[in-house]
Amino acid sequence: MHLMRAIKQGQWAVLLWPYLLITSIPLDCRDEQGGLSRCPSISQEKLLDRVIQHAELIYRVSEESCSLFEEMFIPFPLQLQRNQAGYPCITKALPIPSSKSEIQQISDKWLLHSVLMLVQSWIEPLVYLQTTMNRYDGVPDMLLNKTKWVSEKLMSLEQGVVVLIKKMLDEGMMTTTYNEQGLFQDDGQPEMLEYVMRDYTLLSCFKKDAHKMEILLKLLKCRQNDIHSCA
């Protein structure tokens, strides 16, 4: 029953999926030696546009993945349970502004660093998510492929943001100083229901953070054009 509803609801996503793979502009900045020598040759404006497009696609596909997972594996009572229990997102402790007024007040530098913190904090959990989904019975290839695609694109987004920071802020290579070890921990071998609920929480939280990445990057783009009209 859940599978049929998911297929019916996601028919448009099936049609859109190959299009996303074909039309998304590559953002792989690494050369054959592993250095970030490709993206620096792109203008700052074009690089920002590519980074924004990547963030848009990541959010769109994460939204589709979350909806499909929910339809297939999360009965409605458990959806209510997750909302009522208030499972914390793994990035809740990150020093990233959340309200509209806070976001409007932060500098371009902090906008970029906030995006980078979010991106880097989700790389490991998404790799973990691919592993746990392989334990499910009847998980569709489309959901597995979407999760893998988002994970790969997130690493490309990280490369683009790092180069963008260097271009816009004249800063060298950097990583977040925030300790990521405490953000995500594998608690051994939980029961299957715990796997499902934890994965559902991860997908839901990532969708929320992916949207925040997109909003922050679009605000940065707006500021580059006319800072007075950005909201």
In terms of hydrophobic clusters joined by side-chain contacts under 4.5 Å, are Y59 and L111 together?
no
Only counting residues at least two apart or in another chain, list the ones meeting side-chain hydrogen bond (donor to acceptor under 3.5 Å, both in side chains) with K218.
E56, E214
What one should report as the nearest heavy-atom pair of L143 and S65 is CD1-O, 3.6 Å
Is W122 reachable from L144 through a run of I, L, V, M, F, W or Y residues, each pair having side-chain heavy atoms under 4.5 Å apart?
yes
Donor-acceptor pair, side chain of S107 and main chain of W110, under 3.5 angstrom
yes
When clusters are formed by joining ILVMFWY residues with side-chain heavy atoms under 4.5 Å apart, either directly or through shared neighbours, do L116 and L94 land in the same one?
yes
Give a yes or no on whether the ring-centroid distance for F73 and Y200 is below 6.0 angstrom.
no
Interatomic spacing from CD in E64 to CG in L203 - rounded to 0.5 Å:
12.5 Å
Compare all side-chain heavy atoms of L216 with those of L220 and state whether any distance is below 4.5 angstrom.
no
With the side chain counted from C-beta on, respond yes when F69 and V196 share a heavy-atom pair under 4.5 Å apart, and no when they do not.
yes
Would you find more than 12 non-hydrogen atoms of other residues, nucleotides or ligands less than 6.0 Å from K221 atom NZ?
yes
Just by modelled atom types, is the I58 backbone N or O under 3.5 Å from a matching donor or acceptor in the S62 side chain?
yes
Residues forming a side-chain hydrogen bond (donor to acceptor under 3.5 Å, both in side chains) with Q105, sequence neighbours excluded:
none
Quick one: does E71's side chain have a donor or acceptor within less than 3.5 Å of a partner on S67's backbone?
no
hydrophobic_cluster_shared for M168 and V119, side chain cutoff 4.5 Å:
yes
Examine the side chains of Q104 and S101 and answer whether a donor and an acceptor come within less than 3.5 Å of each other.
no
Between I215 and L48, is there shared hydrophobic-cluster membership here, with clusters defined by ILVMFWY side-chain heavy atoms closer than 4.5 Å?
no
Testing the 3.5 Å rule here: is there a donor-acceptor pair between the side chains of E45 and Q224?
no
So, applying side chain to side chain contact (heavy atoms under 4.5 Å, CB included) with K212, which one of L118, L217, I103 is it?
L118
